[in-house]
Amino acid sequence: MNPDVTRGLEPVLPSPVVELRDERLERHGVRVLVKRDDLIHPDVPGNKWRKLKYNLEVARERGFATLLTFGGAYSNHVRAVAAAGRALGFATVGVIRGEERLPLNPSLEFAVRQGMRLTYMDRTTYRRKTDADVVAGLRERFGEFYLIPEGGSNALAVKGCAELPGEIDVDYDLVCCASGTGGTLAGIAAGLPDGKRALGFQVLKGGDFLSEEVRRLQREAYGNVGDNWSINADFHFGGYAKRTPELLAFIDDFRARHGIELDRIYTAKMMCGTFRLVETKQIPAGTTAIAIIAGLVPPRHPGAGVAVSR
Ligand SMILES: *Cc1c(COP(=O)(O)O)cnc(C)c1O
């Protein structure tokens, strides 16, 4: 990519790959290595960086001065766009689902400190946020902008995530990642060498929307859909941002064993799912899996119960 675009952000790439020493894996003859994408950048970590990279490049090339994106009040993506915009000299607008709540939560407060302008959109309008009339209304208020979709997942994001497998210089069979919108899974799968597979752990509950999204994103990015990926929907632990005592215990135990804090919205569900599939031999002996730690523990979510971070 144009080196000019990353100046001011300086991502740490390639992110490190580290093997987990864990008797729960060794007993079953499976190796799991973690790829520490959370270490790419403190404010634009992991898949958020990978998904933004080519979007930022295109926005710059086309002469846009402003980035606009969408998200919930606790969106890691909105936070990342604010930080990237600030570092690279773009103005940023965050369109937040629902009503304004003051004081701002730590994610939005951070975004505002990066210079992001926030605007709020009622849930009915938010559902059709990318319809032409809604976007035209936003252009009237904020001027020309480069639109990055909710969660950052589009064809350019998929191409950014497709670069991840090329950074892995050990032999492996399987890549495990957490899946929200599916952009990360779509890209990783597309970037895999022949014979290797990707497994996405769906963090939202219910529906078959995710495989449809992954197919749509791969089609949009490459014109075709691969068959080297699948989705496991058994480890959502109640749904988005929900968790159970089992999940919290897994996070505590993982921290004690490996010194790594797993975020409970995404990474912990993927990691716990991976270990359970090893224990039930659905990931068979002899497998080497790469588990992607794609992001940081987000700021505490008030009202969401026990905080496991900070
Ligand atoms: C945003 C995020 C995801 C979800 O990625 P998608 O491309 O939306 O599937 C997974 N893990 C972490 C840590 C994230 O921040």
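None of the values given here were measured: they were computed from a predicted structure.
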What I want to find out is whether Arg123 reaches Glu99 closely enough, with some N-O distance under 4.0 Å, to be called a salt bridge.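 Salt bridge flag = no for Glu99 with Arg123.
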Apply salt bridge (Lys or Arg N to Asp or Glu O under 4.0 Å) to the pair Asp171 and Lys196, showing each step before the final yes or no. CA-CA 10 Å; Asp171 201 20; Lys196 306 191 192 303; 3.5 Å; yes
Identify the two heavy atoms, one from Asn105 and one from Ala73, that lie closest to each other, and give their separation to 0.1 Å.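 Asn105 and Ala73 have their closest heavy atoms at ND2-O, 2.8 Å.
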Are Phe237 and Leu262 linked, directly or through intermediate hydrophobic residues, by side-chain heavy-atom contacts shorter than 4.5 Å (ILVMFWY only)?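 Yes, one cluster joins them.
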State yes or no: do Ile292 and Val170 share one hydrophobic cluster built from I, L, V, M, F, W and Y residues joined by side-chain heavy-atom distances below 4.5 Å, directly or via other members?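 Yes; Val170 is reachable from Ile292 via cluster members.
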Crowded around Arg128 CZ? As in, over 12 foreign heavy atoms under 6.0 Å?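 Result for CZ/Arg128: enclosed.
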Show every donor-acceptor pair shorter than 3.5 Å between a side-chain atom in residues 149-166 and any protein atom, with sequence neighbours excluded, or say none if there are none.
residue : atom : partner : partner atom : Å
Glu150  : OE1  : Lys129  : NZ           : 3.4
Glu150  : OE2  : Tyr126  : OH           : 2.8
Ser153  : OG   : Lys51   : NZ           : 3.2
Ser153  : OG   : Thr181  : OG1          : 2.7
Asn154  : OD1  : Asn55   : ND2          : 3.2
Asn154  : OD1  : Leu156  : N            : 3.3
Asn154  : OD1  : Ala157  : N            : 2.9
Asn154  : ND2  : Asn55   : OD1          : 2.9
Lys159  : NZ   : Ala221  : O            : 3.4
Glu163  : OE1  : Lys53   : NZ           : 2.7
Glu163  : OE2  : Tyr54   : OH           : 2.2

Tell me whether Val18 shares a hydrophobic cluster with Phe254, the cluster being built from Ile, Leu, Val, Met, Phe, Trp, Tyr side chains joined at under 4.5 Å.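 Both belong to a single hydrophobic cluster.
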With rounding to the nearest 0.5 angstrom, report the CD to NE2 distance, Glu19 to His258.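 One finds 10.5 Å between CD of Glu19 and NE2 of His258.
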Is there a path of hydrophobic side-chain contacts, each under 4.5 Å between heavy atoms, that joins Val135 and Leu68?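 Yes, one cluster joins them.
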Passes salt bridge (Lys or Arg N to Asp or Glu O under 4.0 Å), Arg79 versus Glu109? Steps please. CA-CA 9 Å; Arg79 196 178 188 286; Glu109 200 227 359; over 6 Å; no
Could you give me the CA-CA distance, side-chain angles and deciding distance for Asp253 and Arg24, then say whether side-chain contact (heavy atoms from CB on, under 4.5 Å) is met? CA-CA 12 Å; Asp253 179 65; Arg24 294 171 296 176; 3.1 Å; yes
Near-ring test Phe250/Phe275, centroid separation under 6.0 angstrom: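 That pair passes the under 6.0 Å test.
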Nearest 0.5 Å, please: how far is CG in Asp173 from CG in Leu192?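 So the CG of Leu192 and the CG of Asp173 are separated by 11.0 Å.
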For Ile265 and Arg243, run side-chain contact (heavy atoms from CB on, under 4.5 Å): C-alpha distance rounded to whole Å, both residues' side-chain angles, the deciding distance at 0.1 Å, then the answer. CA-CA 8 Å; Ile265 297 185; Arg243 66 277 197 285; over 6 Å; no
Restricting to non-hydrogen atoms, name the atom on Ala82 and the atom on Gln114 that form the minimum distance, rounded to 0.1 Å.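 That closest heavy-atom pairing would be O-CB, 3.5 Å.
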Mark yes when over 12 heavy atoms from residues, nucleotides or ligands other than Arg117 sit less than 6.0 Å from its CZ; otherwise mark no.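 Counting other residues, nucleotides and ligands, CZ of Arg117 stays at 12 neighbours or fewer.
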Residues that Tyr266 engages under ring-ring contact (aromatic ring centres under 6.0 Å, His included), provided they are two or more places apart: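 Tyr266: no ring-ring contact (aromatic ring centres under 6.0 Å, His included) contacts found.
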Starting at CG of Leu56, measure out to CG of Leu67 and round the result to the nearest 0.5 Å.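 So the CG of Leu56 and the CG of Leu67 are separated by 6.0 Å.
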Is any NZ, NE, NH1 or NH2 atom of the basic residue among Arg31 and Glu26 found under 4.0 Å from an Asp or Glu carboxylate oxygen of the other?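 The answer is no: the pair does not qualify as a salt bridge.
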Cluster overlap Val95 with Ile148, hydrophobic side-chain contacts below 4.5 Å: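 Not linked; separate clusters.
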Run the salt bridge (Lys or Arg N to Asp or Glu O under 4.0 Å) test on Asp43 and Arg86 for me, step by step, so that the C-alpha distance in whole Å, both residues' side-chain angles and the decisive distance to 0.1 Å come before the verdict. CA-CA 11 Å; Asp43 296 323; Arg86 160 130 187 174; over 6 Å; no
For a salt bridge (Lys or Arg N to Asp or Glu O under 4.0 Å) check, start with the C-alpha distance between Glu220 and Arg215, then their side-chain angles and the critical distance, and finish with the verdict. CA-CA 9 Å; Glu220 211 182 283; Arg215 281 195 286 273; over 6 Å; no
So which of Asn47, Val12, Leu13 actually passes side chain to side chain contact (heavy atoms under 4.5 Å, CB included) with Ile40?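 The residue from Asn47, Val12, Leu13 that satisfies side chain to side chain contact (heavy atoms under 4.5 Å, CB included) with Ile40 turns out to be Leu13.
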side-chain contact (heavy atoms from CB on, under 4.5 Å) for Leu52 and Val81? Distances and angles first, verdict last. CA-CA 8 Å; Leu52 282 172; Val81 170; 3.9 Å; yes
Centre of Phe235's six-membered ring, under 6.0 Å away, within 45 degrees of the axis: is that where NZ or CZ of Arg276 sits?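 Geometry flag: not set, cation outside 6.0 Å or 45°.
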For the CG atom of Leu199 and the CE atom of Met270, what is their distance to the nearest 0.5 Å?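 Those atoms lie 10.0 Å apart.
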CD of Gln218 to CG of Asp227: how many Å apart, nearest 0.5 Å?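 Gln218 CD to Asp227 CG: 9.5 Å, rounded to 0.5 Å.
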Within the 3.5 Å criterion, strictly below it, is a donor on Arg141 or Thr119 matched to an acceptor on the partner's side chain?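 Yes, side-chain donor-acceptor contact under 3.5 Å.
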Taking atom types as modelled and ignoring hydrogens, do the side chains of His236 and Lys242 form a donor-acceptor contact shorter than 3.5 angstrom?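 No.
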Spacing of Asn232 atom CG and Lys269 atom NZ [to the nearest 0.5 Å]: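 Going from CG on Asn232 over to NZ on Lys269, the span is 13.0 Å.
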